[in-house]
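Notes follow once the structure below has been shown.
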Amino acid sequence: MLNKWKPFSFLAKPHVCSLLSSLTFFKPSVSVARLVEEEPFLSHSPKDPVSEILSGLKKMGFRRFLAGDYFRNVVLSLDQLQVDKIINSLRVESPDFAVVFFDLMRNEYRFRHSRFSRFIVAHVLAGQRRHEELRFVVEQMLKEEGSGSAPSLCELLLNGFRDWDQKSLVWDMLAFVYSRFEMVHDALYVLAKMKDLKLRASILTYNSLLYNLRHAYIMWDVYNEIKVAGATQSKQTNSIVIDGLCSQSKLQDAVSFLRETEAKGLGPSVVSLNTIMSRYCKLGFTDVAKSFFCMMLKYGLLPDAYSYNILIHGLCIAGSMEEALEFTSDMEKHGVEPDIVTYNILMKGFDLLGQMGGAWMVIQRMLDKGLNPDVVTYLMLICGHCQNGNVKEGLKLQEEMLSRGFQLSTLSYSVLLSSLCKIGQVHEALVLFYEMENHGVEPDHITYSILIHGLCKQGEVQSALLLYKEMWSKSIPPNSYSSGAILLSLCKNGMVSEARMYLDSLVMNDCAHDIVLYNIMIDGYVKHGNLEEAVVLYRLITEKGITPTTVTFNSLIYGFCKRRNFTEARRLMETIRLLGLEPTAVTYTTLMNAYCKDGNLRCMLELLQEMHANGIRPTHVTYTVIIKGLCKQRKLQEAVQLLEDMRIKGLNPDQVTYNTIIQCFCKARNIKTAFKLLNEMWLNNLKPTPVTYSILINGLCVYGNLKDANKLLIYLHEQNIKLTRVGYTQIIKAHCVKGDVHCAFMFFHLMMEMGFEISIKDYTAVINRLCKRCLMTEAQQFFSIMLFHGISPDQEICEALLDAYQQCGDIISGYQMLALTVKAGLLPRR
DNA sequence: GTAGGGTTAG
């Protein structure tokens with residue numbers, strides 16, 4: 001576009017035309033001069049503030065005039081055009097004043113300068129080699145202009161400033177700042193124009209651009225351009241290339257590049273070696289990283305704090321805290337002081353190992369050294385509190401950060417939001433989310449993921465989808481975490497085919513590379529009994545070249561176990577190993593649970609042995625399964641013993657563990673111990689679930705005293721504690737059997753009140769039992785309630801009533817029932 | 001230009 005530039009075409013714009021009229025010192029070519037003379041509005045009236053100001057400045061002196069009344073009165077009415085005229089006039093007579101006037105207008109009067117003025121001042125500053133100020137002016141301009149502004153700015157530079165001195169520096173700064181602001185396309189555009197004008201870009205600009213493009217192959221285009229342009233490569237250039245290769249996972253290429261540059265006489269820099277060390281550490285190859293550390297020493301380079309911190313971090317991640325501490329002392333011995341980063345790394349290391357004592361020691365040492373905790377330290381402390389379930393303390397720390405003047409970060413908000421979601425306080429999380437925005441902290445894709453997950457877990461898929469859309473509207477691309485949450489939620493709510501449609505849409509948009517998404521879908525299929533689809537999807541992903549994980553197999557194993565297909569389940573377990581993966585505690589527990597259900601306790605215990613042999617720690621779920629097995633064999637004492645063992649091993653029994661063992665004692669008619677265990681749950685801060693109470697109610701109904709069951713249920717109702725559906729139907733059933741229709745009625749009503757949907761099956765169960773005892777009035781009453789609630793009778797229920805009327809000898813009611821049956825279109829079979 | 005901190009599935 002700019003190549004087709006027409007000389008002076010810009011003069012067509014009145015703004016520029018009238019500007020030229022005031023450029024006393026501007027020496028336009030003849031044609032411009034003529035053009036200008038022909039303009040009728042060029043001669044200004046004597047009251048023109050521009051002339052007044054310019055002459056005032058000359059007569060009174062610069063500073064006096066600007067502080068005077070005339071200027072103060074007129075300044076607020078000045079427009080961009082007038083200011084342009086003043087600045088341009090000043091530029092020629094005294095460039096320093098042009099800059100001072102420019103700054104004064106911007107800083108004192110919040111005046112928004114035109115691009116023209118900014119470029120004038122930029123050229124002045126470039127001429128005086130005032131690089132910092134030049135950069136500032138260009139930064140301000142590009143912040144306001146935004147991305148995509150390069151073509152119009154270049155056009156202005158080409159047309160208005162073509163022959164100006166120092167234009168090269170201004171062009172270069174423009175490209176540099178565009179690159180720094182990550183407006184890469186604009187930077188490239190400016191560079192292309194510079195090439196046309198045969199202007200050289202500085203190595204700083206090239207380096208910045210190289211840095212922005214280091215994640216992709218296009219990096220080499222820039223690198224070659226540097227060579228072609230003949231710009232002097234700096235050590236930085238090489239370390240950026242190395243960093244780029246590392247980030248592209250081309251570690252070998254990075255090392256080769258290091259060798260090449262070494263051969264060319266540019267020895268390796270500390271930064272390059274640090275970058276490579278960091279990469280090896282992240283891959284878990286601490287030893288290789290150490291060898292590069294040695295190489296550094298061999299070259300006579302002095303490792304800096306980065307070098308030490310990188311290695312210490314690698315060691316901490318690997319769990320080698322002793323060595324990490326040794327390196328820290330080494331660091332001190334060699335005159336490199338451990339800094340806040342070092343201490344944060346060590347703290348995290350101890351934290352990962354669960355050694356809080358160590359973490360406190362690190363904090364103490366840090367404080368002794370006079371170092372103050374920074375945002376990262378605070379974040380880790382907040383994390384610690386949140387992991388212990390103490391969100392309140394975390395929020396307090398965040399307050400403390402604010403009072404100490406720290407800028408709150410998206411990260412610390414994420415931690416707090418995640419903890420609130422985990423304890424089910426999603427609405428509190430949403431409140432905090434809005435507060436976060438009020439504090440000017442922008443949520444990112446992780447923040448959104450956390451909230452979407454939280455909402456989905458609470459079943460609020462609609463709200464989650466709204467947030468999902470909000471993400472899109474903010475151009476924050478959803479990652480597999482947020483998509484996974486939606487997918488999981490659809491599966492959990494039984495909308496499996498919808499989930500699949502969603503997954504397919506992700507595939508269509510090329511957003512489904514993460515195995516986690518497929519794992520969720522496969523599990524969804526399996527949990528809803530569709531093992532076949534799960535297997536088809538598994539085959540599909542392997543054909544696509546997506547590597548399955550142990551989790552993928554765990555779901556499939558669960559599916560085959562549910563079908564009691566042990567052969568296939570075990571074959572899949574072997575496949576895990578064949579693929580070089582490791583079965584996890586979940587794999588073993590799934591299989592053990594299946595054997596336990598099947599009554600094959602020998603196989604179950606063999607698997608436990610195998611687990612131990614392979615060094616896989618059983619979880620509290622594993623123990624629960626074993627306890628269930630022991631219960632099945634009526635080895636109650638051993639089960640209780642195992643409950644103790646769990647605690648000793650630091651595994652906390654959960655509600656399911658207790659429910660299992662309580663049920664076992666109920667079945668053994670040992671109701672007393674069952675209640676003792678309920679008490680133990682409270683003592684261990686475990687809130688009994690609706691299942692726990694239902695098991696106890698059932699126990700009392702079947703093996704104990706029905707009156708006690710009544711008492712317990714009424715008590716729970718008063719405490720507003722809900723039972724499961726089975727809990728209610730059990731007690732209703734028991735009262736029907738005993739013929740206490742009054743109580744049955746009462747609990748039936750209670751069940752409805754608690755919001756359970758009552759199906760025809762529930763009515764049938766009650767009516768059948770009443771019919772058996774010829775309690776026909778009561779049976780009829782239940783039947784009427786059913787009709788009242790809009791449930792149509794079916795064949796089974798009608799026949800039961802017809803039979804009962806006949807058996808119990810109530811012929812008239814029997815005929816009435818027959819009429820109703822026929823009316824309902826349900827002809828009796830006989 | 002290089003170091004430390006946050007989210008998910010069974």
Side-chain angles (χ1 to χ4, degrees), chain A residues 204 207-208 210-211 214 234-244 246 269-279 281-282 303-314 316-317 339-349 351 374-384 386 409-419 421-422 443-454 456-457 479-488 491-492 514-524 526-527 549-559 584-587 589-590 619 621:
Chain A
L204 286 178
N207 281 348
S208 169
L210 193 65
Y211 181 73
R214 72 194 188 286
S234 62
K235 278 200 169 181
Q236 264 187 41
T237 317
N238 292 336
S239 50
I240 295 169
V241 171
I242 285 175
D243 187 33
C246 285
S269 65
V270 174
V271 176
S272 296
L273 287 165
N274 284 348
T275 307
I276 291 178
M277 271 166 49
S278 165
R279 201 68 197 178
C281 280
K282 277 183 183 142
D304 60 7
Y306 283 82
S307 323
Y308 280 103
N309 285 341
I310 289 166
L311 260 184
I312 294 170
H313 184 230
C316 283
I317 293 288
D339 56 13
I340 187 73
V341 177
T342 322
Y343 289 108
N344 284 339
I345 291 169
L346 290 169
M347 205 173 123
K348 177 78 184 174
D351 183 42
D374 69 354
V375 272
V376 180
T377 323
Y378 268 107
L379 181 68
M380 289 196 294
L381 290 173
I382 292 175
C383 263
C386 284
S409 70
T410 312
L411 274 72
S412 61
Y413 271 109
S414 293
V415 174
L416 291 165
L417 288 171
S418 152
S419 306
C421 287
K422 265 185 197 149
D444 64 3
H445 63 283
I446 294 181
T447 325
Y448 275 105
S449 296
I450 292 166
L451 282 172
I452 289 174
H453 250 282
C456 284
K457 263 196 177 158
N479 55 6
S480 61
Y481 283 86
S482 45
S483 319
I486 305 269
L487 199 62
L488 184 68
C491 285
K492 285 248 160 87
D514 194 335
I515 182 67
V516 171
L517 297 171
Y518 297 96
N519 286 350
I520 294 171
M521 193 67 236
I522 288 176
D523 196 61
V526 167
K527 290 279 152 71
T549 61
T550 307
V551 177
T552 324
F553 291 104
N554 288 349
S555 292
L556 291 171
I557 289 173
Y558 179 87
T584 61
V586 178
T587 323
T589 310
T590 306
T619 66
V621 184

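Only a predicted model underlies this, so the values are computations on that prediction, with no experimental measurement involved. Values reported hereafter were calculated over all heavy atoms of this structure, with side chains retained and with hydrogens, waters and symmetry mates removed. Proteins get letters first, then strands, A, B, ... in listed order; numbering begins at 1 in each.
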Using a cut-off of 4.0 Å on non-hydrogen atoms, how would the nucleic acid contact of [X] be classed: base, sugar-phosphate, or nothing?
X: A:Asp374; value: base
X: A:Thr584; value: base
X: A:Val341; value: base
X: A:Ser449; value: base
X: A:Thr237; value: nothing
X: A:Thr447; value: base
X: A:Thr342; value: nothing
X: A:Tyr211; value: sugar-phosphate
X: A:Asp339; value: base
X: A:Ser480; value: nothing
X: A:Asp444; value: base
X: A:Asp523; value: sugar-phosphate

key: Contacts of A:Thr552 that satisfy side-chain hydrogen bond (donor to acceptor under 3.5 Å, both in side chains) - sequence neighbours left out   = A:Asn519, A:Thr549
message = If you apply the rule side-chain contact (heavy atoms from CB on, under 4.5 Å), what do you find for A:Gln236 with A:Leu210, and how did you get there?
response = CA-CA 10 Å; A:Gln236 264 187 41; A:Leu210 193 65; over 6 Å; no
ask   = Mind checking what makes ring pair (Phe, Tyr, Trp, His ring centres under 6.0 Å) contact with A:Tyr378, not counting sequence neighbours?
value = A:Phe406
Can you identify which nucleotide, out of [options], has its nearest atom closest to the [X] side chain?
X: A:Thr410; options: B:dA9, B:dT2, B:dG6; value: B:dG6
X: A:Asn274; options: B:dG1, B:dG6, B:dT2; value: B:dT2
X: A:Thr550; options: B:dA3, B:dG6, B:dG10; value: B:dG10
X: A:Val586; options: B:dT2, B:dG10, B:dG5; value: B:dG10
X: A:Ile240; options: B:dG1, B:dT2, B:dG6; value: B:dG1
X: A:Ile446; options: B:dG1, B:dA9, B:dG6; value: B:dG6
X: A:Val376; options: B:dT2, B:dG5, B:dG1; value: B:dG5
X: A:Val415; options: B:dT8, B:dG5, B:dG6; value: B:dG6

Protein-nucleotide distance ([X], atom [atom1]; [N], atom [atom2]), rounded to Å:
X: A:Tyr481; N: B:dT8; atom1: OH; atom2: C1'; result: 6 Å
X: A:Leu451; N: B:dG6; atom1: CG; atom2: P; result: 18 Å
X: A:Leu416; N: B:dG5; atom1: CG; atom2: C1'; result: 13 Å
X: A:Ile345; N: B:dA3; atom1: CD1; atom2: P; result: 10 Å
X: A:Lys422; N: B:dT7; atom1: NZ; atom2: C1'; result: 8 Å
X: A:Leu204; N: B:dG1; atom1: CG; atom2: P; result: 10 Å
X: A:Asp514; N: B:dT7; atom1: CG; atom2: P; result: 16 Å
X: A:Leu488; N: B:dA9; atom1: CG; atom2: P; result: 7 Å

remark   = Interatomic distance, OG@A:Ser449 vs CG@A:Leu417, rounded to 0.5 Å, equals 11.5 Å
note = d(A:Ser278 OG, A:Leu311 CG) to nearest 0.5 Å is 10.0 Å
message = Does either side chain, that of A:Thr587 or that of A:Thr584, offer a donor lying less than 3.5 Å from an acceptor on the other one?
response = yes
inquiry  = The test is side-chain contact (heavy atoms from CB on, under 4.5 Å); show your working for A:Asp243 and A:Tyr211 and say whether it passes.
reply    = CA-CA 9 Å; A:Asp243 187 33; A:Tyr211 181 73; 4.1 Å; yes
task = Using a cut-off of strictly less than 4.0 Å, decide whether A:Lys527 has a side-chain nitrogen or oxygen near OP1 or OP2 of B:dA9.
result = no
ask   = So does A:Lys348 get a side-chain nitrogen or oxygen closer than 4.0 Å to the phosphate oxygens (OP1/OP2) of B:dG6?
value = yes
Distance-only donor-acceptor test, A:Ser555 side-chain atoms vs B:dG10 base atoms, 3.5 Å = no
